[in-house]
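In what follows, every chain begins at residue 1, and chains take the letters A, B, ... in the order their sequences are listed. Every value quoted in this text rests on a predicted model; they were computed, and no experiment measured them.
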2 protein chains.
Amino acid sequence: MSKTIPFEEFQSLCRRAGFIATHQRYLIFQTIVSLGDNPTPEEVFERVRRSLPGISLATVYKNIDTFVDHRIIRDISPNYGSRRIESASTPHDHFVCRVCRRVFDLEKHTELARPANTDLPHGASFEYHLVEFVGLCRSCSHASRFRDKAARPMAHN
Amino acid sequence: MSKTIPFEEFQSLCRRAGFIATHQRYLIFQTIVSLGDNPTPEEVFERVRRSLPGISLATVYKNIDTFVDHRIIRDISPNYGSRRIESASTPHDHFVCRVCRRVFDLEKHTELARPANTDLPHGASFEYHLVEFVGLCRSCSHASRFRDKAARPMAHN
DNA sequence: CTAGATGCAAACAGTTTGCGTCACT
DNA sequence: AGTGACGCAAACTGTTTGCATCTAG
């Protein structure tokens, strides 16, 4: 599970993406990969701290942003900024802009079968599902800062 | 689009669900239904304020919670509390607990076709999609506060 | 040597809570 | 009349920013 990436490999990933391979950055990356299960920035911070007590939470945040912008990792809470609600009328998919976090209703609706209990975490009860397409909205893809940042991910086995 | 629900109908919904039909609550509900497009609590607040300047933001929040708990409206940002990231390895669906907001990785992975440009908002660029099953996790469904609150939704046309 | 990264602390945004007062039922 | 809702303000949580210092390339 806990895959270790040699520093040299990380270095070349960074070079390709255009940023510096620092010790902190390397540890943060390693930690995210090895934690695996959807960590929060806090959790990554706490973990990295064990081996590098001087690390700053702000550094973890900044690096997460960098990795996400370069699509080295994914934000699975693209709408974390604020709650969003909808009246439970006609179901439909959403498009969420990963930068400005605006949510757009789509015409499209992906039908999904109600999941079997065995597909859910033990003891969980299902209520509804969401299908979210994530990317950049028109205005954010015009703002060059976020465009075409994707570095080819390295082959970490 | 902007569907108006008679107060009496709202009253009976409230009675069914076991809470009091106040003027504020009625306006908040109406506003959510008529706004339609995924408003934030702020947006609901600003809108309700136009007709009821004395309304408090806290009241809007409290009522949104009430409505969500009773499944009268849906939270489409079940993971809003904190960012969550994952290393872009094997894709898989998630289960998110609507109460404690924990995220569970599922074995299951729903394959979705890359959406056609015409399905996306104009000018948007697609990067990845998320499939999230929402409900209560084991421990939260044991905590009775959130269980079996669903009021049969009223027929608002 | 220098652009970019780090660490700190302060600022922010969005949300929640406690409590005194008010109003549906 | 009593329980639950409201409004206010203060507290919180998670995130972001500015800036002085450091470091990889």
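- Between A:N63 atom CG and D:dT17 atom P the separation is 15 Å, expressed in whole Å.
- Distance check: A:H23 NE2 to A:L52 CG gives 5.0 Å after rounding to the nearest 0.5 Å.
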Write down the protein N/O and nucleotide N/O pairs, taken from nucleotides 18-20 of chain D, whose separation is under 3.5 Å; answer none if there are no such pairs.
{"unit_1": "D:dG18", "atom_1": "O6", "unit_2": "A:K62", "atom_2": "NZ", "d": "3.2"}

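- For B:R25, there are no salt bridge (charged side-chain N to carboxylate O under 4.0 Å, His left out) partners two or more places apart in sequence or in a different chain.
- Closest to the side chain of B:S82, from the set C:dG7, D:dC6, D:dG14, is D:dG14.
- By the salt bridge (charged side-chain N to carboxylate O under 4.0 Å, His left out) test, B:R47 pairs with no residue at all, sequence neighbours left out.
- Between B:R83 and B:L52, the residue whose closest nucleotide on DNA chain D is further toward the 5' end is B:L52.
- For A:R49, the salt bridge (charged side-chain N to carboxylate O under 4.0 Å, His left out) partners two or more places apart in sequence, or in a different chain, are A:E46.
- Judged as a side chain to side chain contact (heavy atoms under 4.5 Å, CB included), and not counting sequence neighbours, A:P53 has no contacts.
- Note on A:D75 versus B:R83: salt bridge recorded, some NZ/NE/NH1/NH2 to OD/OE distance being below 4.0 Å.
- Whole-Å rounding puts the B:I64 CD1 to C:dT16 C1' distance at 13 Å.
- The side-chain hydrogen bond (donor to acceptor under 3.5 Å, both in side chains) check on B:R138 picks up nothing, with sequence neighbours excluded.
- Across the protein-nucleic acid pair, A:D65 atom CG and D:dG14 atom C1' stand 13 Å apart, rounded to whole Å.
- Rounding to whole angstrom units, CG of residue A:L27 and P of D:dA24 are separated by 13 Å.
- Remark: A:Y26 pairs with A:F7, A:F10, A:Q30 by the side chain to side chain contact (heavy atoms under 4.5 Å, CB included) rule, at least two apart or across chains.
- Within the structure, no pair that satisfies the salt bridge (charged side-chain N to carboxylate O under 4.0 Å, His left out) test touches residues 102-124 of chain A, not counting sequence neighbours.
- Between the CG atom of B:L57 and the C1' atom of C:dT17 there is a distance of 13 Å, rounded to whole Å.
- A:L112 is linked by a side chain to side chain contact (heavy atoms under 4.5 Å, CB included) to A:T110, A:H129, A:V131, B:T110, B:V131, B:F133, counting only residues two or more places apart in sequence or in another chain.
- Spacing between atom CZ of A:R25 and atom P of D:dA24 amounts to 12 Å, rounded to whole angstrom units.
- Rounded to an integer number of Å, the gap from CG of A:D75 to C1' of D:dT16 is 15 Å.
- Residues from residues 38-49 of chain A that place a heavy atom under 4.0 Å from any atom of DNA chain C: there are none.
- In this structure, B:Y80 does not reach the C:dA13 phosphate: none of its side-chain N or O atoms is under 4.0 Å from OP1 or OP2.
- To the nearest angstrom, P of D:dC8 lies 10 Å from CD1 of B:I55.
- When the side chain to side chain contact (heavy atoms under 4.5 Å, CB included) test is applied to B:T40, the partners found at least two apart in sequence or on another chain are A:S82, A:R84, B:E42, B:E43.
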Protein N or O to nucleotides 21-25 of chain C N or O, pairs below 3.5 Å:
{"unit_1": "C:dT25", "atom_1": "OP1", "unit_2": "B:A21", "atom_2": "N", "d": "3.3"}
{"unit_1": "C:dT25", "atom_1": "OP2", "unit_2": "B:Q11", "atom_2": "NE2", "d": "3.2"}

